[in-house]
Trainee: 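Here it is, the structure, as structure tokens.
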Amino acid sequence: MKRPHRTTAVLAAALAAGLLLGGCAGGGERSATDHEEAAPLVPDGSRATRAPAPDGRGADTDAPEGEQRAPSPVPDYLSTFALDVDTASYGYARRTLAEGRLPDPATVRPEEFVNSFRPDYPRPADDGFSVTVDGARTGAEGWSLVRVGLATRGADRTGERPPAALTFVVDVSGSMGEPGRLDLVRHALGLAADGLRDDDSVALVAFSDEAETLLPMTRLGDARQRVREAVDSLAVRSSTNLEAGLRAGYDVAAEGHREGATNRVVLLSDALANTGETAADALLGHIDAQRREHGITLFGVGVGSEYGDELMERLADKGDGQTTYVSTRDQARKVFVDQLPAQVELRARDAKAQVAFDKETVERFRLIGYENREVADDDFRDDRVDGGEVGAGHTVTALYVVKTRPGASGPIATATVRWLDPESRSPQERSGAIASGGLTAGLWDQGHDSLRLSAISAYFAEELRGGSLPGAPRLGELAGYADSIRERSGSAVVGELAEAVRQADRLIGERPSGEGEFRSSDPYA
């Protein structure tokens with residue numbers, strides 16, 4: 001997925017001007033002047049007012065038919081990002097902590113921790129999104145947590161859906177011989193073969209130093225035993241030539257391309273390439289070309305105690321797809337039985353969100369995570385700029401820490417999601433809002449469990465990557481809050497979160513003073 005990035009020059013200029021707070025580990029705290037595209041300074045030191053763009057962006061315009069468009073606010077109070085449903089960062093962190101190690105801070109992406117849990121947002125009746133905006137006070141003076149929740153309609157397991165054409169590309173290199181890698185992949189593929197429909201098609205490519213097609217694109221129907229035999233034949237070989245595997249996989253997917261179907265490459269690997277083109281940049285061009293020509297997307301499934309997280313994420317981004325991570329059979333069942341069939345039904349293409357904060361009530365705000373999903377504010381309604389692809393039954397959550405002005409009363413934020421209809425490619429928008437009255441409850445003493453769970457996940461991730469957030473409890477307190485939610489809900493996955501937080505707390509507490517310290521300066525102290 002194509003992601004606009006800030007240039008080095010812009011970052012350097014912003015830092016030199018003091019517009020970005022030093023040591024801020026999140027998406028950047030912003031105020032009236034904290035924006036990379038702020039209006040230019042005029043001689044008296046104030047900021048000039050921007051004229052509306054030639055195409056009308058920045059001014060109130062009539063929305064195309066089918067859109068529910070919110071007014072364009074002051075640019076300095078905008079936050080824009082592409083939607084993301086990845087969860088690999090959380091899964092890999094849990095695996096690492098269970099092995100007695102703290103995860104590398106570079107692999108910790110808070111949005112993937114938060115999106116590993118699915119809040120009970122209202123679901124729309126159509127193929128668009130519902131928009132929920134809520135929040136609560138954090139306990140730090142003037143600071144609140146604002147949550148933007150988006151949800152799509154769930155999949156109808158017995159109803160009509162487009163067929164799937166899935167090419168499984170499996171890493172059989174030497175590193176996949178570790179227990180819990182190739183054996184887990186075989187189990188996962190068996191589950192997938194049993195769960196897909198007769199009209200779906202699958203292909204299987206294995207790669208180590210070279211790539212081999214074990215099964216061309218084949219309609220399942222009466223061929224399920226043939227698929228199982230191909231899966232059972234997977235065996236560990238030698239080195240990891242990820243380039244060969246992906247090229248062969250995409251070639252097989254293109255040859256077996258089905259019009260009107262969901263055409264997808266599913267990469268199962270530890271992403272530790274050591275042969276052929278091992279740098280992500282050398283692999284992205286082919287993936288992007290196949291996406292553009294054939295509409296083939298990429299779903300990356302990570303395995304293994306050592307895992308190339310950054311490489312897998314970049315590949316999935318370029319392939320308009322997503323990543324997840326599995327380390328147990330229960331997780332494999334969740335991904336390949338519960339999630340993969342639902343992902344065949346695409347609800348939205350190029351989906352982006354834009355949150356507009358009211359300058360009269362909001363002093364500062366900061367998006368937690370989504371750094372590599374940032375989109376230029378002016379590109380929100382430019383449908384040539386890629387966003388995220390979102391399937392049936394997905395939820396997307398974005399959390400902001402927001403400092404309101406003393407005595408603030410009135411609107412706080414309006415969140416708008418924009419996407420393209422999967423079939424007609426027509427743009428659609430929906431919005432939701434929150435006012436100061438929605439931030440009166442205290443997060444931990446009056447807030448509801450859904451919001452608390454989102455907060456626990458975000459605070460936990462921020463601690464692991466060495467940042468800080470206003471009002472963040474200590475890890476031991478977070479584990480206790482998670483335990484309370486588990487007791488009320490009976491949720492095993494919340495219990496797993498509580499245990500992961502406790503493991504991190506122990507590991508950080510056992511670390512000698514100064515060893516492995518990665519905390520940056522705290523802009524909120």
Trainee: Tell me which pairs pass salt bridge (charged side-chain N to carboxylate O under 4.0 Å, His left out) where either residue lies in residues 249-263, with sequence neighbours left out.
Mentor: Asp199-Arg258

Trainee: In chain order, what residues pass the ring-ring contact (aromatic ring centres under 6.0 Å, His included) check against Tyr400, with sequence neighbours excluded?
Mentor: Phe357

Trainee: Which ring-ring contact (aromatic ring centres under 6.0 Å, His included) pairs, counting each pair once, include a residue from residues 211-259, with sequence neighbours left out?
Mentor: His257-His294

Trainee: Write down the atom of Lys318, the atom of Leu284, and the distance for their closest heavy-atom approach.
Mentor: CG-O, 3.4 Å

Trainee: Tell me which pairs pass ring-ring contact (aromatic ring centres under 6.0 Å, His included) where either residue lies in residues 208-244, with sequence neighbours left out.
Mentor: none

Trainee: Taking all non-hydrogen atoms of both residues into account, name the closest pair between Ala482 and Val494 and its distance.
Mentor: O-CG1, 3.4 Å

Trainee: Restricting to ring-ring contact (aromatic ring centres under 6.0 Å, His included), what partner residues turn up for His187, sequence neighbours left out?
Mentor: none

Trainee: On a heavy-atom basis, which atom in Val185 and which in Val303 lie closest, and how many Å separate them?
Mentor: CG2-CG1, 4.3 Å

Trainee: How are the rings of Phe113 and Phe460 set relative to one another: parallel (under 30°), tilted (30 to 60°) or perpendicular (over 60°)?
Mentor: perpendicular

Trainee: When you look at Ser238 and Asp209, which way does the side chain to side chain donor-acceptor pair (under 3.5 Å) test go after all the steps?
Mentor: CA-CA 6 Å; Ser238 54; Asp209 54 338; 3.3 Å; yes

Trainee: Using the side-chain contact (heavy atoms from CB on, under 4.5 Å) definition, which of the options Asp86, Thr87, Val85 pairs with Thr324?
Mentor: Thr87

Trainee: Report the residues that fulfil side chain to side chain contact (heavy atoms under 4.5 Å, CB included) with Ser484, sequence neighbours left out, ordered by chain and then residue number.
Mentor: Arg488

Trainee: So, Ser491 versus Arg486: side-chain donor-acceptor pair below 3.5 Å or not?
Mentor: no

Trainee: Under the salt bridge (Lys or Arg N to Asp or Glu O under 4.0 Å) rule, collect the residues that match up with Arg118, sequence neighbours excluded.
Mentor: none

Trainee: Who passes side chain to side chain donor-acceptor pair (under 3.5 Å) against Arg228, sequence neighbours left out?
Mentor: Asp194

Trainee: With sequence neighbours excluded, tell me which residues meet ring-ring contact (aromatic ring centres under 6.0 Å, His included) with Tyr481.
Mentor: Trp444

Trainee: Can you name the nearest heavy-atom pair linking Glu462 to Ile368, along with the distance?
Mentor: OE1-CG2, 4.1 Å

Trainee: With sequence neighbours left out, what residues match Ala151 under side chain to side chain contact (heavy atoms under 4.5 Å, CB included)?
Mentor: Tyr121, Arg123, Ser130, Thr395

Trainee: Any chance the side chains of Asp330 and Thr328 put a donor and an acceptor closer than 3.5 Å?
Mentor: no

Trainee: Could you tell me which residues satisfy side chain to side chain contact (heavy atoms under 4.5 Å, CB included) with Asp309, sequence neighbours excluded, listed by chain and number?
Mentor: Thr107, Arg109, Tyr307

Trainee: For Phe117, check ring-ring contact (aromatic ring centres under 6.0 Å, His included) against everything at least two apart and list the hits.
Mentor: Tyr90

Trainee: Should the pair Arg465-Glu371 be classified as a salt bridge under the 4.0 Å nitrogen-to-oxygen rule?
Mentor: yes

